[in-house]
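Report on the following structure.
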Amino acid sequence: PETITVQELANRMAARVPEVVKSLMKLGVMATATQTIDADTAELVVGEFGHKSKRVSEADIEIGLEGVQDRPEDLTPRPPVVTIMGHVDHGKTSLLDALRATNVAGGEAGGITQHIGAYQVTLESGAKMTFIDTPGHEAFTAMRARGASVTDIVVLVVAADDGVMPQTIEAIRHAKAANAPIIVAINKIDRPDANPTRVRTELLQYDIAVEEMGGETQDVEVSALKREGLDRLQEAILLQAELLDLKANTNRSAEGAVIEARLDRGRGPVATVLVQNGTLRQGDMVVAGTEQGRVRAMLDDQGKPVIAAGPSVPVEILGLSGVPSAGEAFVVVEDEGRAREIAEFRQRRQRDSSAAAGAAARGTLDQMLA
Ligand code: GDP
Ligand code: MG
C-alpha cells in the first residue's frame, strides 16, 4: 500500500525534496514530489537520512522527527510573499522603496532604514503583504536551486520607455519555472516617452497576455518615482493572493526558508528567515541547512525585537552555530540533541557529496590525461 508522498516524507524529515528524490534514485525508485511511496521504501530513506523510524502498521511508519500534517481546519489565510523582478534600471529598487513607504504599521515612514532581506507592509485596510528585498535573478535562482520556494507572486517590472529587455525575458522564465503567477508593473509612466501599449504588445511574444490583450495576467501602470499607481498594484497583489488561497497553520512549530545570512562582527551569525508555516518563537531550537542553534533574539524588518513571528513574516534571527546559505530550509525541532543530530548528519552528507564530486572530477581529469 502506498503510504506517503515524497514531499510529505521530506517535510517530516526536515529534508529537502531533491535530497529525498536523490536518495530514492539510489534505491532505484523514480518519484517526484507529489508521488507516493510505500512504507518499506520510506523506511529505507528515513534510515539513509540517519533518522529512526518505527513501523506503526503495515502501511505506516512513524518518523522520529516532529512531523505535523496540518488539518484543513487549522489553516488560516496568510499574507502573500512577493518578489520583484525585471531588467536592470527598470525600477525594481525604486519600486521596493516606494512600496515600503506605504506601510502604515510600525516606525515612521522612511524613518528606519534597517535593512533585512525582506519586509512586510500593512495597508490601511489591515491587509498585509511581504516583499522579498533581494531582487536579482541570481538570488532567486540560488534559492530555487536549494529547493526553496518562497515566492507566491512575481511582480515583473517593465519600464514603459524601454519595453521588454533580455532580463525581462529571463525573469519571465524564472517565474514560470517557479510556477509563480506574474503581475506586470509597467513603470516610469511619468516619462514623456512612456509607451505602455508597446510593453503589453511585446509581452504577448513571451506568452504573457494582460487583460487588455484578452489574457488573464494583471497589469498596472505605475511610477515608482512619483509614487503613482502603488495602491492599484497592491490591490492586484491582494486579488492574486485571494485566487491562490494562501493558507498556513499558525499553531505549530515553525518552518521556512533562509532569505540571506551573514556573519556580524558583534552579533555572530545573523540570518533573515521567512516563516512559511507555524510560528517561530524566541528560544526555539532551529536547524537551518547545516547549522543549528537556539533563537537567542529575533528582530523584525524595522530592527525591533519581537518574540514571535507567524506565517509570511520575515525576521532576523540570532543564535545559529554558523552562517546558512540563502534558500536553505529551516525547521524548529524539539530539542538541542535533535538539532545537533540533524545538522551533523547534513554536514556529513555535504562532505560526502563534495568528496564524491571531487572524485568524479579527478576521474575525468585522469581520463583526459590518459
Ligand atoms: P533597478 O536597477 O531595476 O533596481 O532600477 P532602479 O530602481 O535603480 O532605477 C533605475 C533608474 O530609473 C533610477 O535612476 C531611478 O530613479 C529611475 N526610475 C525608477 N522608477 C522610475 C519612475 O517611475 N519614473 C522615472 N522617470 N524614473 C524612474
Ligand atoms: Mg536595483
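Both counts, for ligands and for their atoms, begin at 1 and track the order of listing.
The distance criterion of under 3.5 Å between nitrogen or oxygen atoms is not met by V222 with respect to ligand 1. Considering backbone and side-chain N/O of A224, one or more are found under 3.5 Å from N/O of ligand 1. At least one N/O-N/O distance between L225 and ligand 1 falls below 3.5 Å. Considering backbone and side-chain atoms alike, R191 places every N or O at 3.5 Å or more from each N or O of ligand 1.
Taking all heavy atoms of E228, K226, K188, R227 into account, the minimum distance to atom 12 (O) of ligand 1 is reached by K188.
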Where do N187 and H90 land on the side chain to side chain donor-acceptor pair (under 3.5 Å) test, with the steps shown first?
-> CA-CA 7 Å; N187 191 31; H90 279 198; over 6 Å; no
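For the Mg ion (ligand 2), the N/O/S atoms of T93 include one lying under 2.8 Å.
The H87 neighbourhood of ligand 1 comprises atoms 3 (O), with distances under 4.0 Å to a heavy atom of that residue. Of all atoms in ligand 1, listed by their number and element, those nearer than 4.0 Å to a heavy atom of S94 are 6 (P), 7 (O), 9 (O), 15 (C), 19 (C), 20 (N). Shown in contact with K92 at under 4.0 Å from a heavy atom are these atoms of ligand 1, numbered in order with element: 1 (P), 2 (O), 3 (O), 4 (O), 5 (O), 7 (O).
Every residue was checked against the salt bridge (charged side-chain N to carboxylate O under 4.0 Å, His left out) condition with E328, not counting sequence neighbours, and none meets it.
At a 4.0 Å heavy-atom cut-off, ligand 1 touches D190 through the side chain alone.
Distance check: T5 OG1 to I37 CD1 gives 8.5 Å after rounding to the nearest 0.5 Å. With values rounded to the nearest 0.5 angstrom, I4 atom CD1 is found 8.5 Å from N11 atom CG.
The minimum heavy-atom distance linking A160 with P196 is given by the pair CB-N, 4.3 Å.
Partner of Q240 under the side chain to side chain contact (heavy atoms under 4.5 Å, CB included) criterion, out of T217, V155, I153: I153 alone. The salt bridge (Lys or Arg N to Asp or Glu O under 4.0 Å) with E221 is formed by just one residue from the set K226, K188, R191, R200; it is R200.
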